[in-house]
Amino acid sequence: MLIRSVKAMEILDSRGLPTLRTRAVLDDGTVGVASIPSGASTGENEVVELRDGDPKRYGGKGVRRAVTNVNDTIAAAISGRDPRDQAGLDRFLIELDGTPNKARLGANAILGVSQAVACAAAAARKLPLYAYLGGSAANRLPVPMMNVINGGKHADSSLDFQEFMIVPHGAPTFAEALRYGAETFQVLRRLLHESGHSTAVGDEGGFAPKLRGHEEALEFIVAAIESAGFRPGEDVAIALDPAASSFYRDGKYHLTRSGLGDKTSDEITAIYKGWLDKYPIISIEDGLAENDWEGFRAHTVALGDKIQIVGDDILATNTRFIARAIEEKTCNAALIKLNQIGTVTETVEAVELCRKAGWGYVISHRSGETEDTFLADFAVAMSGGQIKTGSVCRGERIAKYNRLLEIEQELGEQALFGC
Ligand code: PGA
Ligand code: ZN
């Protein structure tokens, strides 16, 4: 089995911004295709997403240079390689790039090739992607964290915090979890509408109402869970991703939109702590900022024995930062995003490090997505029991949920659910 060719093209993501679709073809004609997502609240330490910077096209956001890097440099260099040697391919791509942050060829170019070759190799071996990447033990469907109210950089709402998610962790199967989430989402739409709020949605499909503040968002969500006939905290819980790096400047957290003023790390942690007694919150991601390692540690000391503390921007799916955070007890779980680090192999290494430390990990989409469903298979392959792939609305989010339904059905009796 050999790689015959790889070829990329410029397509659009769910925000209407350019991204890459990459197609790998093997010598027997088998094809693998991957489309790459893109973040809005990106961490400082993410690898480089190469954009053209040509103001005459897509406001500088075109990806023609990354496309050319795939079609010229990478295609010539990897033609004839064994597609089953994913680790060898990814190492080779990292060396071919030659920079510490994939800045020369672009992480979007490199990850597209890495994922497309994995898809082609799985197809050539006649295995579903989750089984190819995760082996025969890959049978655990993830609990979805569904982002039903959007704020921060994802919506023009009155909320500083980016994501208010429902987590149907009490469901017996993935299909039932999806139903719990979808029904709660529909009730939330009705409750917001009846209260005179907008039910237009943000980048990840959650509502983006102009509420009085974060607590009103939490109250709406609890009311929706109850009116949908579920028990808050038992059937459906809440997770937050404040994405605090986006409102952290000069050592303070500026809660400007919600009118709460400037806060220290300790003050923000105290707010979260107060909420744990009032709302069924089971997980907080990026409750503090990526450069606030000290604050993050104290935050985990204060809350980490009660709930999951997830590092996203602060860890950037990078084993260097995850190892430091394990050592310093900065969090107790990691968000895992393929395009924060740029190859399948490095992402798997990040997951393995979490697993060894007994950490939780959440396989995650980006706010700019495509209809690609790699993420659904990847979450099952990594068998951590958690995925974050948006609200129960918008085709690019639903595509992942529908793929997870398929996988659960295909696994039949073998399927497990949750962590
Ligand atoms: P992003 O947001 O994709 O815009 O970075 C997702 C997240 O912060 O988890
Ligand atoms: Zn995040």
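Start at 1 and go down the list; that is how both ligands and their atoms are numbered.
- Counting only N and O atoms by type, the side chains of Q340 and D313 include no donor and acceptor under 3.5 Å apart.
- Look at E163 and you'll find a heavy atom under 4.0 Å from some atom of ligand 1.
- The closest approach of D312 to the Zn ion (ligand 2), by N/O/S atoms, is made by OD2.
- What sits closest to atom 6 (C) of ligand 1 on the protein, heavy atoms only, is K337 NZ, 3.5 Å.
- Taking a cut-off of under 4.0 Å to the non-hydrogen atoms of D312, the atoms of ligand 1 that pass are 7 (C), 8 (O), 9 (O).
- Near R366, meaning under 4.0 Å from one of its heavy atoms, ligand 1 places the atoms 1 (P), 3 (O), 5 (O).
- Ring to ring, F220 and H197 are close: their centroids are under 6.0 angstrom apart.
- The backbone N or O of G287 lies less than 3.5 Å from a partner atom in the side chain of Y272, making a donor-acceptor pair.
- Close approach of ligand 1 to E285 (heavy-atom distance below 4.0 Å) involves ligand atoms 9 (O).
- The line from CZ of F321 to CD1 of I341 is 8.5 Å long, rounded to the nearest 0.5 Å.
- If you number the atoms of ligand 1 from 1 as listed, the ones under 4.0 Å from a heavy atom of K388 come out as 7 (C), 9 (O).
- Not one N or O of S364 is nearer than 3.5 Å to an N or O of ligand 1, by distance alone.
- Distances from the Zn ion (ligand 2) to each N, O or S atom of D241 single out OD2 as the nearest.
- For the 3.5 Å distance criterion, the side chains of E406 and Y401 fail to qualify, holding no donor opposite an acceptor.
- Looking at D203 against ligand 1, nothing comes within 4.0 Å, counting heavy atoms.
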- request: Before giving the answer on side-chain contact (heavy atoms from CB on, under 4.5 Å), spell out for L93 and V113 the whole-Å C-alpha distance, their side-chain angles and the decisive distance to 0.1 Å.
  value: CA-CA 9 Å; L93 291 170; V113 173; 4.1 Å; yes
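- In this structure, N339 contributes its side chain and G342 its backbone to no donor-acceptor pair below 3.5 Å.
- Looking only at its N/O/S atoms, E285 has OE2 as the one nearest to the Zn ion (ligand 2).
- When heavy-atom distances to ligand 1 are checked against a 4.0 Å cut-off, S367 comes that close through both its backbone and its side chain.
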- request: Could you check L240 against E163 for side-chain contact (heavy atoms from CB on, under 4.5 Å), going step by step and ending with a plain yes or no?
  value: CA-CA 6 Å; L240 303 175; E163 304 177 18; over 6 Å; no
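- For an aromatic pair to be called close, the ring centres must be under 6.0 Å apart, and F161 with H214 satisfies this.
- For the 3.5 Å distance criterion, the side chains of N147 and E204 qualify, holding a donor opposite an acceptor.
- Counting the atoms of ligand 1 from 1 in the order shown, those under 4.0 Å from a heavy atom of L335 are 9 (O).
- D286 and Q162 share no donor-acceptor pair across their side chains, judged by distance under 3.5 Å alone.
- Remark: ligand 1 atoms within the under-4.0 Å shell around heavy atoms of Q162 are 2 (O), 6 (C), 7 (C), 8 (O).
- The shortest N or O to N or O distance between H365 and ligand 1 is not under 3.5 Å.
- Of the heavy atoms in D313, none comes closer than 4.0 Å to ligand 1.
- Close N/O approach between R15 and ligand 1 is not found [any backbone or side-chain N/O within under 3.5 Å].
- Within the listing of ligand 1, atoms 1 (P), 3 (O), 4 (O), 5 (O) sit less than 4.0 angstrom from a heavy atom of G39.
- R397 contributes atom CZ, which lies 10.0 Å from atom CG of L375 (distance to the nearest 0.5 angstrom).
- The aromatic rings of Y279 and W275 lie perpendicular to each other, with more than 60° between the two planes, well past the 30° mark.
- The N/O atoms of A243, backbone and side chain alike, include none that comes under 3.5 Å of an N/O atom in ligand 1.
- Here is the list of ligand 1 atoms found below 4.0 Å of a heavy atom in D241: 7 (C), 8 (O), 9 (O).
- Of the polar atoms of S38, none of the N or O atoms is found under 3.5 Å from an N or O of ligand 1, judged by distance alone.
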